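Letters A, B, ... are given to chains in the order of the sequence lines, protein chains preceding strands, and every chain is numbered from 1. Please read all numbers here as calculations on a predicted model, not as lab measurements.
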2 protein chains.
Amino acid sequence: MESRIERIKKQLHNAKYKLTPQREATVSVLLEHEEDHLSAEDVYLLVKDKSPEIGLATVYRTLELLTELKVVDKINFGDGVSRFDLRQEGAAHFHHHLVCIECGAVDEIQEDLLGDVEQIVEDRWNFRIKDHRLTFHGICSRCSEGNEEKESE
Amino acid sequence: MESRIERIKKQLHNAKYKLTPQREATVSVLLEHEEDHLSAEDVYLLVKDKSPEIGLATVYRTLELLTELKVVDKINFGDGVSRFDLRQEGAAHFHHHLVCIECGAVDEIQEDLLGDVEQIVEDRWNFRIKDHRLTFHGICSRCSEGNEEKESE
DNA sequence: ATATTAACGACAATCATTACAATATGATAA
DNA sequence: TTATCATATTGTAATGATTGTCGTTAATAT
Ligand SMILES: [Zn+2]
Ligand SMILES: [Zn+2]
Ligand SMILES: [Zn+2]
Ligand SMILES: [Zn+2]
């Protein structure tokens with residue numbers, strides 16, 4: 001079976017784009033950091049390790065392109081920077097996020113969970129849903145476990 | 001019964017802040033545009049009509065303060081600016097949004113709808129939810145009605 | 001080899017947001 | 001009243017993320 005990067009290459013070709021060395025380096029950084037939520041600057045710094053001559057503008061352009069092709073999703077957690085998240089292969093919808101207001105950790109929820117809600121929205125508001133963004137802000141399991149004793153204060 | 005602005009004034013006082021004329025002008029602009037989703041710049045321009053001497057920095061600080069007090073919620077629809085939305089009085093949670101990718105309209109969903117989902121997230125992920133952001137992107141009712149005939153093309 | 005064109009890299013420009021320094025306002029104490 | 005202190009404001013400078021420009025490069029077609 002072909003690799004993930006091969007399939008992304010095909011997606012690019014279908015849309016008449018090439019997988020240049022810079023684009024390949026960028027995609028491979030994203031693949032190596034699938035768990036993370038990197039900003040453009042983060043990606044740039046990581047890509048520079050492989051391809052020191054790459055320019056920041058190219059990274060921005062590549063991320064924009066990948067967003068357009070829905071290879072990545074662009075998301076904003078409210079801290080002034082856009083972050084880029086590889087879309088699960090074949091996933092119809094973007095996954096959800098848990099942002100901890102204590103430690104800043106960002107966890108993912110791959111389960112859809114919104115099926116019923118989306119049905120209601122489509123029906124009651126007559127709105128044709130194409131995409132969504134769902135983020136919960138709160139206290140992650142690690143932070144609340146560590147501080148259980150403080151509850152009684 | 002006291003007015004909305006009176007109650008906001010009390011909230012400020014409880015937190016040891018004053019409702020200065022500039023803050024009052026800003027809040028009143030927000031009240032007059034409850035349906036809209038204004039950026040800081042938008043608010044600034046509107047407030048200047050009432051108080052031409054107000055500074056942009058003051059508007060930013062006031063919006064930050066109101067966000068802290070949960071009088072307004074700060075939201076980002078992915079177009080590079082933060083927008084500010086008066087929180088429904090007494091609402092436990094922030095309302096949801098429908099963003100039309102055709103015409104750009106932003107509609108609101110005041111219903112909670114997420115009760116079950118939040119219960120699942122709290123239980124399965126052991127995450128203590130404090131707030132959320134839910135936005136659907138798609139085609140609004142007005143845009144899909146107007147273009148029904150195009151479906152058959 | 002020459003022309004064409006997509007893609008690059010370096011750097012300038014833009015735009016939202018924040019930081020700063022000087023001034024004003026308002027309450028409190030001498 | 002006058003001095004003092006804290007808070008809030010203003011205009012402006014600085015910052016930081018993102019986008020635009022432009023001359024160059026690299027791959028492809030003629
Ligand atoms: Zn945490
Ligand atoms: Zn994610
Ligand atoms: Zn529309
Ligand atoms: Zn709203």
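- One interatomic measurement links the two molecules: CG of B/L38 to P of C/dA16, which rounds to 14 Å at whole-angstrom precision.
- Nearest heavy-atom pair across A/V47 and A/T26 is CG2-CA, 3.8 Å.
- For the salt bridge (Lys or Arg N to Asp or Glu O under 4.0 Å) criterion with A/R4, the lone passing option out of A/E24, A/E34, A/E32 is A/E34.
- Distance A/L65 CG to D/dT19 P: 14 Å, rounded to the nearest Å.
- Atom CD of A/E53 and atom P of C/dC8 are 11 Å apart (whole Å).
- What separates OH of B/Y44 from C1' of D/dG11 is a distance of 9 Å, to the nearest Å.
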Protein within reach of the bases, or only the backbone? For nucleotides 17-24 of chain C, mark each nucleotide 5' to 3' as B, S or -, using heavy atoms under 4.0 Å. BBB-----
Close N or O pairs between protein and nucleotides 24-30 of chain D (under 3.5 Å):
none

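- In this structure, CZ of B/F77 is placed 17 Å from P of C/dA16, rounded to the nearest angstrom.
- The backbone N or O of A/R133 sits nowhere less than 3.5 Å from a side-chain atom of B/R133 that would complete a donor-acceptor pair.
- Contact of the B/D85 side chain with the B/E108 side chain is registered, since non-hydrogen atoms from C-beta on lie closer than 4.5 Å.
- In this structure, B/T20 reaches the sugar-phosphate backbone alone: every heavy-atom distance under 4.0 Å involves primed, P, OP1 or OP2 atoms, never a base.
- Nearest-nucleotide assignment on DNA chain D puts the 5′-proximal partner with B/K16, out of B/P52 and B/K16.
- Results of the ring pair (Phe, Tyr, Trp, His ring centres under 6.0 Å) test with A/H97 over A/H132, A/H137, A/H37 single out A/H37 as the only residue that passes.
- The CG atom of A/N76 sits 12 Å away from the C1' atom of C/dA16 (whole-angstrom rounding).
- B/L69 and B/F94 are not part of a single hydrophobic cluster, where members link through side-chain heavy atoms under 4.5 Å apart.
- Side-chain N or O atoms of B/Q110 include none that pairs as donor or acceptor with a backbone N or O of B/H95 at under 3.5 Å.
- Across the protein-nucleic acid pair, B/L12 atom CG and D/dT7 atom P stand 15 Å apart, rounded to whole Å.
- We find that OH of B/Y17 is positioned 19 Å from P of C/dA27, with the value rounded to whole Å.
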Under the side-chain contact (heavy atoms from CB on, under 4.5 Å) criterion, do A/L98 and A/F136 qualify, and how do the steps go? CA-CA 5 Å; A/L98 302 177; A/F136 293 104; 3.8 Å; yes
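- Between B/D112 and B/H93, the closest heavy-atom pair is OD2-ND1, 4.3 Å.
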